[in-house]
Amino acid sequence: MEQIEEMRAGGYLPASFLDWEGHVAAVIFTCGCNFRCPWCHNGELVTAGGGELSVKKIIADIKRRAKFLDGVVVSGGEPTLWPGLRPLLAELKELGLAVKLDTNGTNPEQLRALIDEGLVEHVAMDIKAPLDAISYARLTAVPVDIAKIHDSVRIVKERARSYEFRTTFVPALHCPEDLPAIREQLNDDAHWVVQCFKPTGCLDGRFLSYTAANPAELERLFPGISIRG
Ligand code: SF4
């Protein structure tokens, strides 16, 4: 419980129809991230060490409204940075609420433990770039232990009950060959979604003036892949 008390959130949606398809879900946005994607649309959340919101108070609100919810989305930031994540998910499970976990895949050990304990119903894992260290550093602006990302991809594919991989296409940072490379590396079209960069809330203010990705163009280039505008 102590670990949950230390958890801070930068945002909370009491009920969302958009963040988990087919679910009415509360959404908790935990503070802090170990990546610094300049295009990140949650820029304020990423650099916030401790947000305004106590996760413990959020749980109290979710408890009151649990019967109106199908589940809870735990997003960030990067939720696996918080030691309180496991006890938080265990508490949500006790309430009978399914959990969707958003992650950047940098903590495969924790991801595996959470999945194997049955604490996560659905994993949404970001695939920032082709799965090599140089490409990942280009999109995330930090050095990345790419072996951990590979491990997480494998764990999610082999063990998660339900999952998706998500790539946000950022025209200013991705090369033309990046999306075909990711597609080939994942080899899992049914679970790969390409999202379009939008110039809002960006961690690096320069990206606010950059052009959004064009969903129609992506659909033309990648027939058969789910594109989110
Ligand atoms: S987009 Fe990058 S910086 Fe932003 S929350 Fe996700 S991993 Fe962190």
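Atoms within each ligand, like the ligands themselves, are counted from 1 in listed order. Because the structure is predicted, anything quoted here is derived from the model rather than measured. All residue numbers refer to positions in the sequence shown, counting from 1.
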A.B. asks: I need the minimum non-hydrogen distance between Asn104 and Cys33, along with the two atoms involved.
C.D. replies: ND2-SG, 3.8 Å
A.B. asks: Please identify each residue that fulfils ring-ring contact (aromatic ring centres under 6.0 Å, His included) with Phe169, with sequence neighbours left out.
C.D. replies: His174
A.B. asks: Mind checking who shares a hydrophobic cluster with Val170, ILVMFWY linked at side-chain heavy-atom distances under 4.5 Å?
C.D. replies: Trp39, Leu139, Leu173, Phe197, Phe207, Tyr210
A.B. asks: Which protein atoms of type N, O or S are found under 2.8 Å from atom 8 (Fe) of ligand 1?
C.D. replies: Cys33 SG
A.B. asks: Testing the basics here: between Val46 and Cys40, what is the closest heavy-atom pair and its distance to 0.1 Å?
C.D. replies: CG2-SG, 3.6 Å
A.B. asks: Between Thr103 and Glu78, do the side chains contain an N or O donor and an N or O acceptor separated by less than 3.5 Å?
C.D. replies: yes
A.B. asks: What is the nearest protein non-hydrogen atom to atom 6 (Fe) of ligand 1, stated with its residue, atom name and distance?
C.D. replies: Lys128 NZ, 3.5 Å
A.B. asks: What pairs with Leu221 under side-chain contact (heavy atoms from CB on, under 4.5 Å), at least two apart in sequence or on another chain?
C.D. replies: Glu217
